[in-house]
Structures are given as structure tokens and as C-alpha cells.
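A quick write-up on the structure given underneath.
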Amino acid sequence: MSLLTLSGVTASYGPSQALFGVDLQIGEGEVLALLGRNGMGKSTTVKCICRMLPAGGTLTFDGKDLGRLASYRAARLGLGLVPEGRRCFGSLSVQENLTAAARRGAWTFERVVELFPRLGERRGQRAASLSGGEQQMLAIGRALMTNPKLLILDEATEGLAPIIRQEIWSVIRLLKAETGLSILVIDKSLRELREICDRATILERGRTVWAGAIGELSDDITHQYIGV
Amino acid sequence: MIREAYVNALTLALFALIPLWAVLADEPFTITLMTRAAIFAIAAIGLNIALGLGGLVSLGHAVFFGVGGYAMGILAHHAQTYTALSEWPFLIEGTKSMPVIWLAAVVLSALAALVIGILSLRTTGVYFIMITLAFGQMFFFFAISWAEYGGEDGLSIYVRNGFPGLNTLDPIQFYGLCLGLLCLVLVFAWKLAGSPFGLALNAARQAPVRVETVGLDPTRLRLVAFVLSGAIAGLAGALFADLNRFVSPVMFSWQTSGEIMIFVILGGVGRLFGPVIGALVFVALEHWLGGLSEYWHIYLGLLLLLIVLFGRGGLIGMICGREAVHD
Amino acid sequence: MSLILLIEQVLNGLQFGIMLFLMAAGLTLIFGVMGLINLAHGSLYMIGAFCAAAVAAWSGSFLLGLVAALAGAAIAGALVELIVIRRLYDKDHLDQVLATFALILIFSEGTRWIFGSFPLYLNVPAYLSGPVTLPGGIEYPFYRLALIIVGLAVAAGLYLLISKTRLGVQIRAGENDREMIAALGIDIARLYTIVFALGAALAGLAGALVGAIQSVQVGMGEPVLIMAFVVIVIGGIGSIKGALIGAVLVGLTDTLGGIFLPEIMKLFFDPSTATSIGSSLASMAIYVLMAAVLILKPSGLFGVRA
Amino acid sequence: EPVKVGMITTLSGGGAGLGIDVRDGFMLAVKQSGNEEIEVIVEDDQQKPDVAVQLSDKMVQAEKVDVLTGIIWSNLAMAVIPSVTAQGKFYLSPNAGPSQLAGKGCHPNYFNVAWQNDNLHEAAGAYANFAELKNTFILAPNYPAGQDALTGFKRFYKGELAGEIYTKLGQTDYAAEIAQIRASGADGVFFFLPGGMGISFLKQYKDSGVDLPVVGPAFSFDQGILQAVGDAALGVKNTSQWSKDIDNETNKAFVESFQAEYGRLPSLYASQGFDTANLLLSAMAKADVNDADAFRAALEEADFKSTRGNFRFGPNHHPIQDIYVREVIKEGDVYTNKIIGTALTSHADAYWSECSM
Amino acid sequence: MTEPVLQTLGISKSFGALRASRDISLDLRPGEIHAIIGPNGAGKTTLIGQICGTLRPDAGSVRLHGRDVTHKAARERARAGLGRTFQISSLAMEDTVLENAVLGALGAGGRPWRFWSNALSDKGLRETAEEALARVGLQDHARRRTAELSHGQRRQLEVAVALTLRPKALVMDEPMAGMGPEGSKRLTGFLDALRAEAPILLVEHDMDAVFSLADRISVLVYGEVIATGTVDEIRADAAVREAYLGDEA
Ligand SMILES: Nc1ncnc2c1ncn2[C@@H]1O[C@H](COP(=O)(O)OP(=O)(O)OP(=O)(O)O)[C@@H](O)[C@H]1O
Ligand SMILES: Nc1ncnc2c1ncn2[C@@H]1O[C@H](COP(=O)(O)OP(=O)(O)OP(=O)(O)O)[C@@H](O)[C@H]1O
Ligand SMILES: [Mg+2]
Ligand SMILES: [Mg+2]
């Protein structure tokens with residue numbers, strides 16, 4: 001059974017429509033890549049899932065209709081968001097950023113620090129003065145602290161050093177293997193995505209134009225829709 | 001949604017036609033009200049340059065309004081009593097001539113804005129609001145105890161000052177003068193918004209670091225905006241004092257600063273005609289509701305509340321929607 | 001001036017400062033922590049005082065009056081948040097200014113409509129009134145000592161709430177990015193209603209406590225509002241410690257300025273002129289202090305640079 | 001054609017109580033006269049000078065009133081009166097009496113039916129002598145009326161001053177001043193702190209344990225405000241040209257009918273409004289308002305029954321009247337005043353000689 | 001050897017106990033792309049801040065065209081021809097794309113004190129702006145509000161604004177971040193061509209781009225330059241692999 005299902009989702013920013021019909025499914029324990037060029041609606045889709053933007057069409061998560069829920073209720077169903085641009089709470093310390101989001105479960109402050117030791121070193125520092133990469137780790141840690149069923153990573157490796165990026169990919173692999181967490185990833189690094197994702201969905205101008213197992217993603221298709 | 005240009009034209013038409021009607025219908029008080037609205041509009045346009053364009057939320061514009069007012073009060077007072085304003089280092093005499101008074105008001109309030117601006121612009125955001133308020137309060141308390149010019153009682157000048165070729169005692173002629181100045185100030189504000197300076201100032205409000213990295217000094221841009229803004233408010237202050245033939249420390253009070261700001265917000269921050277519409281509507285409401293009940297403030301409050309809750313970006317925002325992307 | 005008098009005046013300054021803190025405490029929460037410009041804070045202060053006066057007159061109990069002040073202001077605050085403020089979080093700060101200005105009009109005239117145009121009676125209860133003698137022979141009103149204690153307790157409570165509890169962390173996170181904290185599963189809307197009501201209750205409490213030694217009348221909240229803003233800004237927005245220190249600084253400046261400036265002026269002018277000039281300067285003193293602090297430290301004494 | 005009266009007074013905001021009382025007193029007199037020939041237009045000045053000026057323009061230009069009245073505050077009076085009298089209108093002041101308008105700035109069309117601002121303070125000074133205060137501490141807010149108050153007090157007071165301080169306008173905490181009073185060795189305190197300032201001062205004074213005798217003008221002890229001060233005011237002596245127990249028929253009838261009409265005791269301000277209306281009505285009975293000279297002469301005669309008993313105008317159109325000393329007492333549950341003596345008899349103001357009228 | 005366009009001489013900077021830059025000396029020569037890589041938090045942005053004038057070094061000096069600019073404000077360095085893009089987009093969001101570009105042109109001209117003429121109808125300004133937009137491929141979006149752009153498009157605009165300055169040297173903080181693969185590829189090609197016009201100090205975590213573009217690479221770790229060299233030298237450096245590259249070499 002699929003954990004998250006979107007069908008025919010539409011959304012607009014004021015008068016300008018950004019999504020025209022997005023269909024997408026993520027099964028339990030599945031890792032899905034959401035692909036597309038810049039500005040094609042990936043982040044907008046994520047916003048619709050997290051109820052940060054009103055959406056048309058149907059969205060169900062874990063058997064429940066997301067349609068009319070307030071953002072915080074949707075999140076409590078088990079959505080953990082690492083948003084585009086990190087959006088850490090700048091005036092809070094690292095530790096406070098993490099505790100603000102905490103919900104009961106396997107992920108605790110200690111475990112997050114274990115995952116990202118650097119956050120432990122900087123636990124008292126205000127998030128606004130962290131380096132870009134540190135902020136990115138904080139954003140991931142913060143999402144994990146909510147102990148989600150579905151982790152949504154919107155460009156979560158943006159701006160990270162290769163070695164850390166590798167680390168994050170291995171964390172994702174680990175999460176996938178050990179905890180059975182479902183994950184939605186948006187990332188530009190196709191190479192890694194091919195390795196860890198089960199399936200992929202491609203957006204073009206606010207529509208789902210391709211969906212399938214990652215193995216079926218041919219070079220022709222990526223060339224057509226992603227440009228590489 | 002109605003095009004903003006139509007709303008602007010309609011507003012100007014109201015400013016032209018209502019007083020005309022008032023003359024024909026012999027309703028001189030309506031002219032006085034419109035004069036009041038026009039003067040407040042000038043002050044609010046001044047503030048809007050700092051507030052809307054520069055993002056400088058000044059709760060101290062009463063200072064400039066008051067400096068303008070006192071420039072007029074003091075000059076006219078000395079002219080009236082045939083005493084010199086100062087004899088050293090050089091002789092300064094009072095005057096009852098509006099153009100001279102305006103010049104003095106503009107120059108003095110610009111100076112005040114320069115000094116206050118230099119000191120205040122070190123701060124940003126809420127701190128800026130509060131430091132400008134602090135300067136306002138200093139002027140207010142100073143004026144209250146400035147016995148020489150009436151202290152809290154203020155200064156009356158019994159006859160309105162003169163303008164060459166006009167009879168300013170005639171309400172409609174004085175109104176014409178104010179309307180003329182309002183139009184001038186409007187044109188200036190309009191040109192300013194589209195000018196290189198306006199563009200840079202606008203960007204300095206949104207992304208000061210960006211402005212800095214293209215080689216401009218955001219603080220200096222803001223300072224110039226603040227001075228321009230103060231000078232215009234000063235001009236309005238001189239006119240307001242002349243309308244009432246009276247100045248008092250109330251012109252310096254934080255409530256006055258607040259009111260000027262309310263005009264801008266009510267009409268629409270950063271929109272050319274926002275302050276004008278705000279001032280007109282506020283004066284009209286005050287007048288009309290004042291006659292309804294002793295507790296008319298409640299109605300005024302409710303109306304303002306409805307406007308904020310259901311309109312985005314003040315009255316203009318409510319009528320015309322969000323600002324069009326201009327070419 | 002005798003040493004005893006000097007000490008007493010310093011004590012008065014401190015005491016006035018803590019009273020200012022009490023008045024500013026609610027504002028620190030709403031403005032400093034939630035980041036909401038609430039001009040109607042003074043109105044909540046007034047509502048507290050009026051509720052206390054009405055209930056104390058009816059029941060004869062000052063304590064019941066205080067309870068009523070807390071409850072009345074909290075309810076008013078919660079309603080305001082639910083009906084008005086809630087719709088303004090995602091709007092411009094300036095819309096908050098206009099809306100809360102409108103609320104001042106409504107509250108002031110509404111209060112006058114209900115309670116009439118004359119000041120109300122609210123007095124210190126017998127068991128708290130009269131002077132006590134402090135070590136050194138200073139006679140000091142007992143009630144003011146009580147105010148100091150309440151003020152310090154509120155300061156400590158707020159400090160713990162904001163910096164030590166998860167609730168405090170979430171409130172501050174909400175100020176940074178409301179949308180994001182909601183996306184993490186926190187019902188920020190309800191949280192804000194609670195915080196706003198709490199801030200309002202503190203304002204109401206201050207109104208009742210301070211109203212007992214001042215006059216309970218329409219418009220009593222506006223000067224307080226300005227003072228409270230001054231206090232918070234000097235201390236640095238968002239810092240409880242800053243607000244407390246700012247309050248004491250303002251209290252000392254105001255009190256000692258009022259005493260010493262006229263004396264200093266007497267060195268230069270005849271007594272009558274000197275008192276007049278001196279007290280004009282004294283009325284400006286706290287604003288000069290605020291401007292000076294901000295010029296030297298643009299984000300207040302303990303504020304963090306945005 | 002009826003006489004049109006424009007009343008500009010404070011009906012909203014914190015100072016509304018005074019304006020409402022003046023209005024109610026005035027309207028009561030008009031109603032009792034049964035005179036159909038008078039039309040009163042009332043407007044709220046919000047205690048703002050510029051609004052008052054606007055309204056006076058409106059009254060003169062649009063309503064074409066014959067007589068203006070109603071202003072409570074000196075600063076509003078200074079903004080309005082010179083210009084309306086210059087335009088040939090009559091102005092009858094039911095409350096404010098700034099010194100400029102009594103002296104050099106007096107005007108034939110301006111009549112003050114209340115007092116010159118200094119009067120009650122002068123009476124307090126006289127009373128302080130009588131009460132044998134030798135070393136008084138005096139305080140008032142730092143603005144023109146406050147400065148006039150202390151000057152007025154000193155004009156009649158003969159003893160020493162233990163201290164003289166100006167407080168901030170709108171100040172609400174007086175701990176520091178009270179400490180100064182305590183330390184000054186004074187044997188009495190005179191203060192002029194109108195409105196909420198006086199309430200705060202008295203409450204705090206009482207609570208401080210300093211128990212020197214206090215005198216002040218009636219403003220802080222008037223009917224509207226006393227209930228809010230409560231016990232703290234009991235026994236305080238204050239000076240006033242009116243009190244509800246002044247023993248004459250007019251006053252008795254006024255107090256009774258006011259209470260019947262509005263359900264509260266009348267205040268000083270109500271009596272002033274009432275007297276102002278009666279003065280106007282008396283002049284209307286004698287002359288046509290359009291005949292300015294005759295009407296002015298009729299006003300000058302002050303041929304009406306004042307609630308204060310003796311009342312006449314001096315050459316500068318300010319009252320010559322007795323000023324009483326009252327003591328705050330409690331009648332049942334209500335705090336009120338009782339006359340205990342007369343401070344000054346047939347007292348005129350200090351400025352009339354400067355008036356060249 | 002040609003004179004460096006940009007040079008830092010032993011600059012150091014601490015935040016409290018944290019030494020974010022330690023005695024860093026490096027330079028940028030005409031026509032080259034000099035990449036700076038290093039782990040997150042190594043102090044790259046801090047270094048750029050000091051070069052561009054938004055941070056003041058505790059010690060050391062910065063030279064632009066041989067002139068000491070250590071004590072010059074950011075805007076003065078910009079006017080002297082130093083262009084910069086930010087790690088986190090910093091643009092006037094309510095303004096249109098074109099207006100943002102015109103702002104750059106305006107700053108380069110250094111004449112914002114014109115209160116009467118219209119900025120957008122000024123031919124010089126507008127041409128400069130439109131040309132820069134066209135070069136990054138945003139010409140079709142000129143009339144849109146910046147807030148409506150997607151993340152990647154904003155990055156392009158950042159570069160465009162820097163170009164309107166007609167810079168003599170460019171300092172870019174992670175220009176590829178947030179660009180899709182296609183966008184990165186295009187930007188790579190673009191920077192490659194740009195280096196002749198203005199040498200580039202490039203901070204970037206996208207190793208494909210760095211390896212294909214950089215003439216030299218400096219590696220910053222804990223605020224210290226641990227290695228400088230050609231692509232091949234750096235790829236082969238064990239310390240760099242351990243601290244930064246991992247197996248991506
Ligand atoms: N706040 C906004 N207001 C108006 N339009 C917007 C807004 N945010 C995004 N858009 C528009 O919606 C479309 C989709 O944007 P979205 O951010 O979802 O793209 P994306 O696929 O995430 O791109 P990228 O890879 O660059 O992040 C774009 O055309 C963009 O211009
Ligand atoms: N204002 C500041 N106060 C305290 N610490 C700071 C401040 N600015 C930066 N730092 C710290 O200095 C270190 C260097 O930060 P910097 O932003 O330069 O890193 P970076 O190399 O650009 O990293 P990234 O690649 O992740 O962007 C980080 O550990 C950061 O937390
Ligand atoms: Mg995106
Ligand atoms: Mg960085």
C-alpha cells in the first residue's frame with residue numbers, strides 16, 4: 001500500500017499557477033526521487049504535501065486525506081521536512097533548533113549528534129552564524145527529531161562538501177535499510193539518486209511527465225527532461 | 001480589481017471638485033476640511049518616502065511637522081510683535097510671508113532630519129522606530145516647557161500669513177495653495193520612485209547587502225531619503241500651522257507621528273496615492289463619525305480594523321490589488 | 001541632601017524601575033519574543049485595572065480584584081488574538097500597527113462607555129498599606145515593597161519560561177519562521193494565542209497592581225505603553241534580562257534626573273527658573289538615555305543583532 | 001431667529017468627564033429656562049488644540065453661531081478664543097481662564113464665567129496663611145498652568161517655602177517627590193496636579209505615612225474625581241468658588257435638579273456650565289445678539305442668579321467672586337466637600353489692570 | 001609572473017574562540033579561475049567576506065590590483081571592480097528581475113543621486129542590465145518579480161547582477177548551489193568563457209564543476225590553507241581526500 005499518494009494536484013501562487021496536475025506515489029519504506037529542471041514545481045509539490053500551500057486534487061498520506069489539514073496536523077501524521085534553503089531558526093541555538101521540533105521516538109538529540117558530530121560541537125551557537133553546511137545538517141537533524149514516517153529532502157545536499165554529501169547519502173541508505181523510513185528526495189546528483197532510490201517521478205512545467213522504477217530511467221529520458 | 005491609475009485620478013478629482021462644490025454651495029467648512037486633508041496628505045507623502053520606499057519606519061515625523069509648524073509660529077509671532085528673532089550674530093526678523101516661511105520650514109526640518117537621521121540610522125527595525133520616537137518626545141517636552149513661545153499653550157498668530165497675489169484669508173484661495181503644493185509634492189514623489197535614487201533606495205530596503213556589493217552606500221541612501229522625507233513633512237507642518245493660525249507642542253507629540261503613519265498605512269504603504277487617500281479618508285471619517293455619537297472612536301476603530309483585516313496593503317490594496325509590476 | 005535621602009531616592013528609582021518592568025513584562029513577551037507590535041498593550045493594562053477596580057468594589061476584596069484583572073485581561077487578550085492578531089502574522093508589521101491602533105480606540109471608548117468618564121476607585125488594601133521602617137531608618141511604603149517582590153518574581157518566571165522551557169523555544173522559533181515551525185508539527189497558532197493571553201494577563205496584573213497607587217482612568221495605558229517600549233528597547237528586544245536592567249536604568253534616570261537636574265540648574269539660574277528648566281530636562285532624560293543607548297549599541301544593551 | 005450657541009468641549013478620551021459635566025450643566029440650565037430661542041450645537045474637541053480650531057472654524061463658517069463656549073483646557077482656549085473674538089463672535093468661558101486673556105490679551109467679546117486660572121491657587125495661598133503654615137512645600141506640573149499655579153499661590157502666601165518643584169506633565173509616580181517632602185522639614189503641602197496626576201499623588205502620599213496638612217485647588221477634589229481618590233482625600237482642604245453646600249436657593253435647586261436629571265452629584269464644572277448658560281440667557285432676555293454692543297452690555301451686567309451667590313464681572317470680564325475653603329468629607333458612602341470658610345472675598349484677578357478695555 | 005588581480009596577505013579572523021581564518025595568503029591572477037574548496041565551516045565564506053569587505057580581518061591585508069583595500073568598505077571595493085555573488089541569494093525580492101539588474105548597473109556607474117530621471121528608461125543602464133540578463137539566460141524573465149523565480153533562477157540572477165558591474169575580478173560563493181544538472185552545466189560553460197574577461201575566485205562544492213574549471217585549487221581546512229595546486233595535484237593529495245573529497249576524486 002502506498003504511504004503517500006498525490007493525484008491531479010494543482011497549486012497556484014496568487015494568480016500564477018505553478019502545478020497543473022502532479023501524480024506521485026510513495027510506498028512504505030520506499031525512496032522516491034522527484035526530478036525536473038529548475039522551476040518545474042518540485043518544491044511547490046513539497047509545499048503542497050506539507051500543507052504550506054493550498055492545493056487542488058487529492059493528497060492522501062497514511063490512509064488519511066491531507067486535503068484540509070492544517071500544516072501542523074499534517075506534520076504530526078509523520079511528515080519530516082528538510083526545506084529548500086534550510087530555514088533554520090536563526091536566533092535559536094543548535095540545540096534549541098533540535099529540541100523545538102522534537103517528538104517522541106527513536107531519534108533523540110543524542111542520536112542526531114551522533115549522526116552529525118559537528119552539530120554537537122556547535123550546540124550552543126546561534127543557527128544564523130553557522131556555516132552553510134552546518135545549517136544543512138541542522139535542518140536534516142531537525143526533521144529527524146520529529147521522528148517522521150516520510151522524510152522529505154528538498155535539495156538536502158546543496159552546498160555540502162563532497163565528503164559530507166557522501167556521509168548524508170550513506171545516512172539515507174542507512175535510514176532506508178535499518179529503519180524502513182520512506183523518503184522523498186529532490187537532488188541534482190543523478191548518480192547518487194540512481195543508487196539509492198527505488199523509483200523516480202519527473203515533473204515538467206508543473207505536471208508529472210514520467211514515473212517509474214529508477215532502473216527504467218534511461219539516458220534519453222533524463223536528457224529530455226533534466227538536460228543531462 | 002480597478003486599475004490604480006483610475007483610483008488615483010478619482011482621488012485628484014475629489015480634491016478638485018469637492019471644494020469647488022463647497023464654494024458654490026457656500027460650505028466653507030468643507031473647504032477647511034479638504035485643506036486639512038491636503039496638508040495631512042503632504043505630510044504623509046513625506047513619510048511615505050522614508051517608510052514605503054526606504055523602509056524606515058519613523059515614529060518621529062512629528063518632529064519635522066512640528067519644526068515646520070514652529071518655524072511658521074515663531075517667524076509670524078515676531079513679525080506680529082515687531083520684535084527681532086535674533087540680533088546676533090546677525091539680525092533675523094520675523095515675517096508673515098508664506099514663501100519665506102515655507103523655505104525656513106523646509107530648511108530647518110531638513111536640518112533636523114539630517115541630525116536625527118545620522119544618529120538614528122545606526123539602528124534598524126524596531127530600534128529605529130523607538131529611537132525616532134525618542135527624538136520626538138525630546139522635542140515634545142522641550143516645546144512644552146519653552147515658555148518663550150507659549151509652552152504647552154502654544155502660539156497663536158491671529159491672522160493667516162500672506163502669499164503674494166492671493167488673499168489667504170479666503171478659504172478657497174488658501175486651499176488652492178495647499179492643493180498646488182500637494183500636486184507638486186506628488187509629482188516629486190512619483191518621479192523619485194522611478195528615479196535611479198528611488199530604485200537604489202527601494203533595493204536598499206529589501207537587500208542592503210546587495211546594494212552594498214554593487215557599490216552603493218545603503219546608509220547614505222537612507223539618510224538622503226530621510227532628509228527629503230523630513231523636509232516635506234516640515235512644509236506640511238508650516239501649512240498646518242497656517243491653517244489653524246496656531247501652533248502647539250501637540251504637533252510634536254507621538255500621537256501626531258502615529259497619525260501621520262496611520263494615514264500612510266491606511267491608504268497603502270509605498271503606493272504613490274496611498275498617503276493621499278489615507279489622509280482624505282481619515283479626515284472624512286473623523287468628521288463624519290464625530291457627529292454620530294459620543295463614542296464615535298469605537299466606530300472609527302472598527303472601521304480601521306475591518307480595513308486592515310480585509311484589505312491587503314491598505315485601501316489602495318483593497319481596491320486595486322497588489323501593485324502592478326511596472327516597466 | 002542627606003545620605004539617607006539619597007539612599008531613599010535611589011531606592012525609589014529602583015522601585016520605579018521594577019514597577020516599569022512589571023508594566024513591560026507582558027510587552028516583553030508579546031513584542032520581544034513573539035515579535036508582534038502591539039500598541040493595544042496599554043489597553044490591556046487599562047482593562048486589568050478596571051476589572052480589578054470593579055470587582056474589588058463589588059466584592060470588597062483586593063485579591064479577588066487581582067484575579068479578575070488577570071482573568072479579564074487574559075480573556076480580552078485571547079479574544080483579540082483569535083479575532084484580529086491571528087490574521088496579521090503573515091502581514092506587514094505595519095498592518096499590526098494600524099490594527100492595534102484601532103484596538104486602542106475601541107478599548108478606550110468601550111471602557112468609557114461601560115464605566116463612565118470618571119476615574120474609578122481602587123486602593124491598596126489595609127493589610128498592605130502604610131509604611132514600614134527599613135534598616136537605616138528609611139520609611140518605605142509596604143505596598144511598594146510588595147510590588148518589587150512581584151516584579152522580580154515575574155521577571156524570574158518569564159526568564160525561565162522563555163529560555164528554559166520547550167514552550168519558550170518553540171515560541172522563539174515561531175518568531176523566526178512561523179511556517180516552518182508549523183511544518184514541524186507544532187500548533188503555533190494555539191501556542192501564540194496562549195502566549196498572547198499570558199502577555200495580556202501580565203499587563204492586566206500590572207494595571208491592577210499599579211492602578212492601586214495611581215489613578216484608574218481611561219487613557220492610563222498610553223503613557224505606560226511608551227515607557228514599556230522604552231524599557232524593552234533599551235534592554236534589547238527579546239531579552240528578559242535586558243528588560244529588567246533597562247527598566248531599572250530608566251527608573252533610576254527618571255527619578256534621579258527629576259531630583260538632581262533642578263538642583264544642578266540652581267547653580268546657574270534663580271530657583272524658580274532652575275526648577276522649571278531642570279524638570280524640562282528631566283522629562284526628556286529617559287528619551288535621551290534611550291537615544292544614547294541605541295546610538296552606542298544599536299540593538300539595545302542585551303539585544304542580538306538581527 | 002434663535003440664538004445659536006456653539007459648544008466645543010472634550011467629550012472623548014481621558015479628559016471627557018470635565019467636558020461632559022460642563023455640557024450637562026449648560027444644557028440643564030437651557031432646559032429649565034424653557035427658552036425656545038436658543039439652539040446649542042455640541043462638538044467634541046478630543047482635547048486636541050488643532051481639532052478645537054477646526055471646530056471653531058466650522059462653528060463660525062458653517063454653523064454661523066453667535067456665541068461660542070465650552071472649552072475646558074487653557075491651551076485649547078488659547079488656540080481658539082483670540083481668533084473667534086476677533087471675528088466678532090462672543091465667547092463665554094465655562095472653565096479655562098489663561099492669564100493672557102485676562103491681561104493684555106483681553107477682548108470685549110470674551111467673558112470668563114469660571115475664574116482666572118490663578119484664582120483658586122491664590123485662595124490656597126491665603127488659606128495657608130490662615131492655617132498658619134510657615135514652611136510650605138509646593139509642587140505642580142511643568143507647563144504654563146502649573147507655573148501659574150505656583151505663582152498664584154506665592155502671590156498670597158506669606159510664609160517660607162520648604163521646596164518648590166515642577167513635576168513632569170502626566171507623571172504617575174510620586175515616590176521621589178514625597179521623599180523630598182518628607183526630608184524637607186515642611187509643615188504643609190500645596191499642590192496643583194489636575195486629573196489622574198492628583199489621584200496618584202494623593203494615594204501615594206497617604207500610603208507613604210507623611211501626614212502633613214495638604215491644600216490645593218478644587219480640581220483634584222471635585223465630585224467626579226473624589227470617589228476615585230477615596231479615603232486618601234479625607235480632611236484635605238481645598239479652595240473653590242463653588243461647593244454643593246453653598247447656601248442659596250439657586251444652588252440648592254441646581255444640585256437637586258442636576259441629580260434628578262443625570263443621577264449623579266454635580267461637580268464644579270457642572271456648576272460653571274450651568275452659570276454660563278444662565279448668564280447667556282439673562283443677556284438674551286435683555287438684548288438682541290445681533291446688536292453686539294447692547295448684548296455685550298447685557299452680559300456685563302451679569303444679571304443672573306449664580307449658583308455661587310455673589311457674582312459680577314470685573315473690567316476685564318473676569319469674575320469678581322468669593323472663594324471658599326472646603327474640606328473633603330464622607331457623607332454615607334459618598335465622598336464630597338463641605339465649606340469651612342471663605343479664603344478670599346470679592347476676589348478679582350491680578351491682571352485686570354493690564355487690560356485696556 | 002603577471003601581477004595578481006586580487007591578493008590576500010596573511011589574513012586572520014576569529015569569532016570568539018573560533019579561529020575562522022588563520023594566516024591565509026592567496027591570490028587570483030588574470031585570466032584564471034582559482035577554486036577554493038574545503039569542508040563546511042572551514043571558513044570559505046568568512047574569507048570571502050574579508051576579501052569583499054563585509055568582514056574586517058583581525059590581521060593581514062587585502063590587495064586589489066596591488067592597492068591595499070583592507071580598510072575600504074565593501075561598496076568601495078565593488079566600485080573598484082570586485083563583483084560578488086552570495087551563497088544565500090541576496091536580491092530585492094519585490095522588484096523585478098530587470099530592476100535588480102539595473103541596480104547593478106547603477107551601482108557600477110556610481111551615480112545614484114538622480115532624483116528626477118527614470119532609471120528604467122535610461123538607455124545606458126538598461127542596456128547593461130539586459131545584456132547581463134541575456135548572458136545568464138534570464139532575458140525572458142526580465143519583467144517578473146524576483147520573488148516568483150525558482151531557486152535556481154535566482155542563482156542565475158545573482159550572477160547577472162555581478163556581471164552588470166563589468167567586474168575586473170569576481171568572487172563567487174557556491175554559484176552552482178541549487179542549480180539543476182543542466183543549469184550547472186550551462187553555468188560551467190559560461191564561467192569558462194568569462195575567465196578571460198574577469199578572473200574568478202570560486203568557492204564551490206560541486207566537484208564536477210571545480211575539476212573542469214579550476215586552473216588552481218586551494219584547500220581550506222579549519223581556517224587554514226592546507227594545499228594549493230592544480231586539479232591533479234589536489235586530487236592526488238591524501239590530506240585533501242581525507243578532509244574533503246572522500247572518494248569523489
Ligand atoms: N513564492 C512564489 N511566488 C510566485 N511564484 C513562485 C513562487 N515560488 C515559486 N514560484 C514559481 O513556481 C514555479 C515552480 O517553482 P518551484 O520552486 O516549485 O520549482 P523547483 O522545481 O523547486 O525549482 P528549483 O530546482 O529551481 O528549486 C516556478 O516557475 C517559480 O517561478
Ligand atoms: N558571525 C559569526 N559568529 C560566530 N561564528 C561564526 C560566525 N560566522 C561564521 N562562524 C563560524 O565560522 C566557521 C566558518 O564559517 P564559514 O561560513 O566561513 O564556513 P564555510 O567554509 O563557508 O562553510 P560552507 O561551505 O558550509 O558554507 C563556521 O564554523 C561558522 O559557524
Ligand atoms: Mg526547488
Ligand atoms: Mg559558506
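Because the structure is predicted, anything quoted here is derived from the model rather than measured. Residue numbering restarts at 1 for every chain, and letters A, B, ... go by the order of the sequence lines.
- Proximity to chain B (any heavy atom under 4.5 Å) is shown, for C:Ile85, by neither the backbone nor the side chain.
- With a 4.5 Å cut-off on non-hydrogen atoms, C:Val293 does not touch chain B at all.
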- [ ] Tell me, with the steps shown, if B:Leu51 and B:Leu56 meet side-chain contact (heavy atoms from CB on, under 4.5 Å).
- [x] CA-CA 5 Å; B:Leu51 181 68; B:Leu56 304 170; over 6 Å; no

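- No part of B:Ile144 comes within reach of chain C, as not one of its non-hydrogen atoms sits under 4.5 angstrom from that chain.
- For C:Leu94, the parts lying under 4.5 angstrom from a heavy atom of chain B are both the backbone and the side chain.
- Proximity to chain B is limited to the side chain of C:Ile37, based on heavy atoms less than 4.5 angstrom apart.
- For B:Ile307, no part lies near chain C; criterion is any non-hydrogen pair under 4.5 Å.
- Minimum interatomic distance between B:Ile129 and B:Thr132 (heavy atoms only, all atoms of both residues): O-OG1, 2.7 Å.
- Salt-bridge check for C:Arg87 with C:Glu81: failed, with every basic side-chain N at 4.0 Å or more from each acidic carboxylate O.
- Taking the six-membered ring for Trp and thresholds of 30 and 60 degrees, C:Phe50 and C:Phe115 have ring planes inclined between 30 and 60 degrees apart.
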- [ ] Output, in order, the C-alpha distance, side-chain angles, deciding distance and verdict of side-chain contact (heavy atoms from CB on, under 4.5 Å) for C:Tyr89 and C:Leu36.
- [x] CA-CA 8 Å; C:Tyr89 291 120; C:Leu36 185 100; 3.7 Å; yes

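- The contact between B:Phe142 and chain C is made by backbone and side chain atoms together, counting heavy-atom distances below 4.5 Å.
- Taking the charged nitrogens against the carboxylate oxygens, C:Lys266 and C:Glu263 do have a contact shorter than 4.0 Å, which makes a salt bridge.
- With respect to chain C, the highest number of heavy-atom pairs below 4.5 Å among B:Tyr295, B:Phe141, B:Phe128 belongs to B:Tyr295.
- With a 4.5 angstrom heavy-atom cutoff, C:Phe107 does not touch chain B via any of its atoms.
- The shortest distance between side-chain heavy atoms of B:Leu53 and B:Arg205 does not fall below 4.5 Å.
- Cation-pi contact between C:Arg178 and C:Tyr192: present, with separation from the ring centre below 6.0 Å and deviation from the ring axis of at most 45°.
- No part of B:Trp146 comes within reach of chain C, as not one of its non-hydrogen atoms sits under 4.5 angstrom from that chain.
- Your options are B:Leu133, B:Leu303, B:Leu119, and the one with the most heavy-atom pairs under 4.5 Å with chain C is B:Leu119.
- Proximity to chain B (any heavy atom under 4.5 Å) is restricted, for C:Phe101, to the side chain, taken from C-beta onward.
- When C:Ala99, C:Gly300, C:Ser108 are compared by the number of non-hydrogen pairs under 4.5 Å with chain B, C:Ala99 comes out ahead.
- For the atom pair CZ (C:Arg112) and NE2 (B:His297), the distance works out to 9.0 Å, reported to the nearest 0.5 Å.
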